[in-house]
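Working notes, beginning with the structure itself.
First listed ligand is number 1; within each ligand, the first listed atom is number 1. Not measured: the values here are computed from a predicted model.
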Amino acid sequence: MAVAQKISVFMEKSSWIRKMFEEGTKLKKIHGAEKVFDFSLGNPNVPPPEIVKSLLLGLVQELAPGMHGYMHNAGLPEARSAVAGQLSIEKGVALQPDHVVMTCGAAGGLNIILKTLLNPGEEVLVPAPYFVEYGFYADNHGGVLKAVPTHPDFTLNIAAMAAGISLRTKVLLINSPNNPTGQIYSSAALSELSRLLTEKSREFGQTIYLVSDEPYSKIVYDGHQVPSIFSHYPNSLIATSYSKDLSIPGERLGFVAVHPEAEDVAALLGGLTLANRILGFVNAPALFQRVVAGLQGACVDVAHYRRKRDLLVKSLRDAGYDLINPPGAFYLFPKSPLADDIRFVQLLQEENILVVPGSGFGGPGHFRIAYCVEDPTIEGSLPGFRRAMERALNIRESELTP
Ligand SMILES: Cc1ncc(COP(=O)(O)O)c(C=O)c1O
């Protein structure tokens, strides 16, 4: 067989998100795009801020010699410096440009972090539900992903974390605002978490690193903010990107920032830079590094997403769905009215509604709605969501009746 066994297995069980996306393409061919309500992908639909276009146009008109060349594997000095300046304001800790490595998106950032930190067999602890690619990323670098439960509202369960940490734990990976739940981990929870990590690092005689994956940190509503892990725990790294807050996921631009007081900070930064090279990223895309150097702090208009969230949360609750009103990101994670979320997702599919089963995120009994879609998709889907709920309730009743 041409394909390695492990990749064959991964392809087989790989991402529900992709499966649903492919299903959507099929359904759209049969019924027409406007009759299919596709909530499967977290692909931002709000246009990038105007400044992205104006900076791009300016750069393209002034193409200077060497602009397309290789560079330091950690990125362009002007981009690293702009990011360090902005982060020093946002995160409450002063960073130098050297503390920043520009990456190919948050995904590239997480991969260079895990490549740098993990010895074979070491564990990456993650609160569930979690972004499904984490398992693959840990495996890419010889690590093992270990999920620990959160509370029913998806906030951090510190006792479960404490029980999950072992001598093999090297990384605790959090994602806030969270994909798939939209939940934000509070400052109080991060405080407790950092106390726990300090204690356990001391007990086991080896540092546990806190990694925060934050591509949704600016997609927040109702005055919520994402607390800074840097103000809580020095052995910490941030991986993030401009994919969601500037709506440019295809441009693959992000960065990793290392806390200036992390142990072995210079070695860590050296490892991240080398990993960027040897994983084949070499450096983050040059043109977009120049763009983001000029627009730190910019963000899409989140009012669009808030309106969509409000409409869906209210309509789904009216239809009998049980869900939290998420403070961030652009996902809802309602309870499935059938215990078997895959079965319920199939009922929705029969209504031409595409969502992703929670099982795919380590959150069985739920399903994920990515609401970064046009308003008519939301409005057109509502009767189908209502009918699917009625059918699920009938199924539940008939299965209870002897
Ligand atoms: C939680 C989370 N982390 C990382 C990524 C990857 O982001 P990027 O496209 O910037 O690599 C995503 C993308 O959806 C995500 O949801």
Side-chain angles (χ1 to χ4, degrees), residues 14-18 20-21 39-46 48 52 75 79 83 100-115 124 126-138 140 145 147 150 154 171-185 211-220 226 229 237-257 272 275-276 279-281 283-285 288-289 291-292 299-300 305 326-333 355-356 358 360-363 368-373:
S14 130
S15 176
W16 269 103
I17 303 178
R18 280 279 145 196
M20 297 313 289
F21 181 66
F39 298 95
S40 61
L41 266 194
N43 202 7
N45 75 315
V46 168
V52 172
V83 170
V100 174
V101 176
M102 304 304 292
T103 62
C104 291
L110 290 167
N111 273 282
I112 66 168
I113 290 175
L114 297 179
K115 178 81 173 169
V124 178
V126 65
Y130 57 89
F131 180 50
V132 67
E133 304 296 272
Y134 290 163
F136 298 118
Y137 298 168
N140 282 346
L145 194 79
T150 50
F154 313 118
V171 172
L172 199 149
L173 173 57
I174 57 172
N175 163 226
S176 165
N178 181 265
N179 175 7
T181 68
Q183 189 54 278
I184 294 175
Y185 303 142
V211 175
S212 180
D213 175 26
E214 346 192 304
Y216 303 96
S217 62
K218 292 195 171 59
I219 317 276
V220 290
V226 178
I229 59 156
L237 299 93
I238 292 174
T240 189
S241 73
Y242 300 91
S243 299
K244 314 290 171 164
D245 55 34
L246 294 183
S247 282
I248 54 164
E251 303 302 345
R252 312 304 307 132
L253 196 76
F255 61 83
V256 169
L272 294 167
N276 225 12
L279 287 176
F281 300 123
N283 55 251
F288 265 81
Q289 285 195 55
V291 171
V292 302
C299 185
V300 294
Y305 290 133
F330 39 58
Y331 305 105
L332 301 179
F333 203 58
V355 298
V356 184
F361 301 93
R368 189 193 77 168
I369 299 173
Y371 60 83
C372 42
V373 296

Point to revise | Partner residues of P44 under the side chain to side chain contact (heavy atoms under 4.5 Å, CB included) criterion, sequence neighbours left out | key: K244, S247, P249, Y305, F330

Check your understanding: Less than 6.0 Å separating the ring centroids of F288 and Y242?
Key -> no

Review point. With sequence neighbours excluded, what pairs up with V373 under the side chain to side chain contact (heavy atoms under 4.5 Å, CB included) test?
Key: F39, T377, I378

Contacts table for residues 104-113: side-chain donor-acceptor under 3.5 angstrom, sequence neighbours left out:
{"from": "N111", "atom 1": "OD1", "to": "N140", "atom 2": "ND2", "distance (Å)": "3.0"}
{"from": "N111", "atom 1": "OD1", "to": "H141", "atom 2": "NE2", "distance (Å)": "2.8"}
{"from": "N111", "atom 1": "ND2", "to": "A107", "atom 2": "O", "distance (Å)": "3.0"}

Practice item. Show the protein residues that qualify under the rule heavy atom under 4.0 Å from an atom of ligand 1, listing them in chain and number order. Key: G105, A106, A107, F131, Y134, N175, N179, D213, P215, Y216, S241, S243, K244, R252

Review point. Any donor and acceptor pair, going by atom type alone, linking the side chain of R368 with main-chain N or O of V355 inside 3.5 Å?
Key: no

Review point. Is the backbone N or O of M102 less than 3.5 Å from a side-chain atom of N276, with the two atoms forming a donor-acceptor pair by type?
Key: yes

